[in-house]
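So the structure is just underneath, and the comments pick up after that.
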Amino acid sequence: MNSPTPSVTSKRTEIKTILTGYAGLIGQEVTVMGWVRAFRSNRFIALNDGTSMNTLQVVVNFEQFDEALLKKVTFHACIKATGRLLESQGAGQDVELLAEALEILGEANPEQYPMQPKAQSMEFMREKAHFRMRTNTFSAVFRIRHGVAYAIHKYFNDNGYFYMHTPIITGSDAEGAGEMFRVTTLDVGNPPRTEDGQVDWRQDFFEKPTNLTVSGQLQAEIGALALGKVYTFGPTFRAENSNTSRHLAEFWMIEPEVAFYDIHDNMALAEDFCKYLIRHILDNYADELAFLDQRIQNQEKNLPKEQRRPMGLTETLRFVADNDFERITYTDAVRILRNSKPYKKGKFEYEVEWGKDLQAEHERYLVEKHFQKPVIVRDYPASIKAFYMRLNDEAPEVPGRTVAAMDVLFPGIGEVIGGSQREERHEVLVQRMHDMGIPEEELWWYLELRKFGGCPHAGFGLGFERMVQFITGMGNIRDVIGFPRTPGNAEF
RNA sequence: GCCUCAGUAGCUCAGUUGGUUAGAGCGGCGGACUGUUAAUCCGUAGGUCCAAGGUUCAAGUCCUUGCUGAGGCGCCA
């Protein structure tokens with residue numbers, strides 16, 4: 001009855017298919033394959049194949065099976081079961097598979113296998129990244145991660161955007177988005193040198209210094225000024241020594257760039273886009289959200305009330321999807337903060353002063369206390385923002401020059417989006433680059449975009465993992481990417 | 001990079017003013033039971049107390065340094 005040698009065929013029915021459309025399958029013979037989540041009473045196997053949150057109950061009449069075979073039905077062992085699908089006699093499920101044949105596709109010796117059928121810490125599972133996707137939490141997170149990625153492409157495609165691939169290796173270090181990873185084929189221990197002792201980059205692969213990209217924006221602007229509406233969605237690298245729950249050295253970023261858009265169009269796009277992504281997950285991953293919601297509640301039930309989330313996960317997502325984001329200027333934000341209770345009581349660690357960047361504590365006050373919803377802050381002081389952001393006209397009620405920059409701030413994770421209307425005026429851009437010490441010769445092509453057929457345009461960068469973090473409610477960004485790269489960590 | 005906290009069994013943790021043989025729950029293993037749903041019951045094994053050095057009659061406990069992790073901050077998405 002039981003074949004000792006595994007013979008995998010493609011004739012399997014996915015468990016999601018069985019559980020969501022079992023009506024037509026009752027009484028029929030089906031084959032399922034998956035990983036054992038539990039083996040109760042030597043009779044009931046809870047089988048999960050990754051297609052959904054749910055398990056199929058496989059019933060084995062242990063009298064009919066070899067004892068040595070059943071001994072191998074252990075936690076996370078991979079099995080194949082064939083039998084008839086029946087209405088369940090038990091209370092916990094509608095249908096169950098009465099196994100007629102059972103095959104072990106991959107053993108998981110419980111004395112050696114590190115995962116256990118119990119709650120384990122996020123830190124421990126991070127060290128077991130090759131196994132953690134088999135857990136309820138991580139399989140839910142990674143199905144949702146896929147869902148968000150899909151929704152991104154669908155949103156842009158349905159709205160007439162073109163997906164554009166920008167280079168991973170860049171020869172420019174003027175993008176101004178942080179420390180970069182050097183890319184080289186030179187012998188790092190003994191690089192060729194010029195006569196004055198400097199590394200001779202002309203002998204390197206690209207005959208110049210190159211780095212991993214920190215942003216595809218500058219190239220996306222090329223696309224926008226030809227195709228009108230483009231977006232990028234690719235890996236991004238920052239060599240910052242950032243040790244936080246919201247930073248990765250390697251992450252994925254979405255960067256739409258749109259010709260003829262100003263900062264207000266840009267904000268409208270950002271808000272509509274965020275809401276679309278959230279709605280897509282609400283509509284398609286309700287089981288996953290319910291599980292993650294429950295998980296957070298269990299986690300928080302021991303915390304004092306004021307440290308708990310004000311709303312459940314699903315509730316939060318609905319709220320964000322259904323309500324307008326608050327839109328304020330940086331100047332307004334400063335005024336609100338200076339009139340706030342924590343400011344007057346001296347609770348802020350950092351000074352709130354026009355011209356200084358808003359700190360995390362300030363952003364959190366605006367989002368979580370004052371407005372209690374996502375906030376878009378725009379028109380930041382020019383002195384604290386990048387050279388390519390469009391210089392606003394002087395305004396009498398504003399203390400200094402500002403640029404048409406915008407940050408979308410979400411509760412819990414802070415900045416999800418940073419963007420701007422781009423400076424399209426050649427002479428203004430040249431002046432800004434000069435003032436900020438950006439070498440013009442490195443970005444000659446970027447400047448030429450302003451000389452030949454330029455136009456007003458705008459765009460933004462959305463941190464993919466931060467959005468997934470928000471939607472899944474995961475506390476640490478390292479738990480929403482399969483194989484996180486952070487300072488001192490590049491395992492797997 | 002800075003600040004704070006932590007590191008004890010496979011996992012999560014307890015371990016009193018420094019004092020005999022370092023404990024629990026879960027997991028594992030052995031057995032019982034068998035329509036279970038985090039199955040239940042009985043039994044059992046399992047320890048470089050992060051590392052090195054130091055103080056002391058005596059260190060899991062105190063001190064120094066280092067390593068690793070977490071939380072917060074900065075940089076940002």
Side-chain angles (χ1 to χ4, degrees), chain A residues 37-46 54-63 71 74-76 86 88-93 96 98 108-128 136 175-179 213-217 232-255 270 298 307 348-350 357-364 384-386 406-410 413-419 460-470 475-481 486-489:
Chain A
R37 287 294 178 79
F39 188 22
R40 286 184 291 268
S41 297
N42 207 23
R43 184 186 292 276
F44 304 103
I45 300 169
N54 301 307
T55 56
L56 175 70
Q57 173 150 290
V58 176
V59 181
V60 288
N61 286 319
F62 51 84
E63 305 87 349
K71 280 271 176 243
T74 57
F75 184 63
H76 282 184
L86 302 172
S88 179
Q89 298 172 36
Q93 57 285 316
E96 62 192 19
L98 182 60
N109 182 343
E111 290 185 35
Q112 292 161 12
Y113 185 57
M115 308 302 277
Q116 296 174 0
K118 56 175 277 189
Q120 288 181 296
S121 68
M122 292 293 114
E123 295 79 34
F124 176 74
M125 288 195 278
R126 223 170 277 155
E127 293 170 7
K128 311 290 176 203
N136 276 332
E175 288 160 23
E179 291 297 308
T213 183
V214 294
S215 165
Q217 177 205 315
T232 75
F233 183 5
T236 310
F237 307 88
R238 304 272 167 93
E240 303 286 347
N241 192 5
S242 297
N243 294 289
T244 79
S245 56
R246 356 172 255 295
H247 288 87
L248 292 164
E250 176 184 290
F251 63 100
W252 289 68
M253 186 155 64
I254 300 97
E255 296 179 287
N298 291 342
Q307 287 179 35
F348 287 137
E349 192 183 336
Y350 290 86
D357 208 356
L358 300 179
Q359 301 297 312
E361 59 179 353
H362 308 139
E363 295 178 348
R364 194 168 307 130
I384 59 171
K385 289 290 181 182
M406 59 172 229
D407 283 356
V408 180
L409 311 176
F410 268 29
I413 46 180
E415 186 179 343
V416 166
I417 283 176
F460 60 80
L462 169 78
F464 180 61
E465 282 79 11
R466 286 191 184 170
M467 180 55 81
V468 176
Q469 211 187 335
F470 179 74
N476 195 312
I477 201 166
R478 297 166 193 200
D479 298 327
V480 300
I481 187 167
T486 53
N489 200 335

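Side chains are part of it too, since the values below use all heavy atoms of this structure and drop only hydrogens, waters and symmetry mates. Residue numbering restarts at 1 for every chain, and letters A, B, ... go by the order of the sequence lines.
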query = What is the nucleic acid contact for A:Gln57, judged by heavy atoms within less than 4.0 Å: base, sugar-phosphate only, or nothing?
reply = base

task = Just call it for A:Ala46: base, sugar-phosphate, or nothing, with non-hydrogen atoms closer than 4.0 Å on any strand.
result = nothing

inquiry  = Students often get this wrong, so: under 4.0 angstrom with heavy atoms, is A:Glu361 touching a base, only sugar-phosphate, or nothing?
reply    = nothing

query = Across all strands shown, which nucleotide pairs with B:G43 by Watson-Crick or G-U wobble geometry, both distances under 3.5 Å?
reply = B:C29

key: A:Glu415 CD - B:G74 P separation (whole Å)   = 12 Å

inquiry  = If I pick the C1' atom on B:A52 and the same atom on B:C13, what distance separates them, to the nearest angstrom?
reply    = 26 Å

query = If you look at every strand shown and take non-hydrogen atoms under 4.0 Å, does A:Ile254 touch a base, only sugar-phosphate, or nothing?
reply = nothing

inquiry  = If the cut-off is 4.0 Å, is A:Arg364 near the phosphate of B:C73, judged by side-chain N/O to OP1 or OP2?
reply    = yes

query = When we call it a touch if two heavy atoms are under 4.0 Å apart, what does A:Asn243 touch: a base, just sugar-phosphate, or nothing?
reply = base

ask   = Between B:G72 and A:Ser245, is there an OP1 or OP2 to side-chain N/O distance shorter than 4.0 Å?
value = yes

task = Return no unless some side-chain N or O of A:Gln359 is found under 4.0 Å from OP1 or OP2 of B:G74.
result = yes

task = Look at all strands and tell whether A:Phe460 reaches a base, only sugar-phosphate, or nothing, counting heavy atoms closer than 4.0 Å.
result = nothing

message = Under 4.0 Å from OP1 or OP2 of B:G71: is there any side-chain N or O of A:Asn476 that close?
response = yes

task = Would you mind reading off the distance between A:Asp407 atom CG and B:C76 atom P, rounded to a whole angstrom?
result = 10 Å

message = Mind checking if A:Ser121 touches a base, just sugar-phosphate, or nothing, with heavy atoms under 4.0 Å?
response = sugar-phosphate

task = Provide the distance between the two P atoms, one in B:A51 and one in B:G10, to the nearest whole Å.
result = 14 Å

ask   = Base, sugar-phosphate alone, or nothing: which one does A:Glu123 contact when heavy atoms must sit under 4.0 Å apart?
value = sugar-phosphate

query = With sugar-phosphate meaning primed atoms plus P, OP1 and OP2, does A:Gln116 contact a base, only sugar-phosphate, or nothing at under 4.0 Å between heavy atoms?
reply = base

inquiry  = Which nucleotide wins on minimum distance to the side chain of A:Asn241, given the candidates B:C76, B:C26, B:G1?
reply    = B:G1

message = Pair A:His247, A:Arg466 - check side-chain contact (heavy atoms from CB on, under 4.5 Å), show working.
response = CA-CA 9 Å; A:His247 288 87; A:Arg466 286 191 184 170; 3.3 Å; yes

task = Looking only at side-chain atoms of A:Val59, point me to the closest of B:G25, B:G28, B:G35.
result = B:G35

key: Presence of A:Arg478 side-chain N/O under 4.0 Å of B:A70 phosphate oxygens OP1/OP2   = yes

query = Just to confirm, is there a sub-4.0 Å distance from OP1 or OP2 of B:U36 to any side-chain nitrogen or oxygen of A:Arg37?
reply = no

key: A:Arg40 side chain near B:A39 phosphate (N/O to OP1/OP2, under 4.0 Å)   = yes

request  = Spell out, as yes or no, whether a donor-acceptor pair under 3.5 Å connects the side chain of A:Gln469 to the backbone of A:Gly475.
outcome  = yes

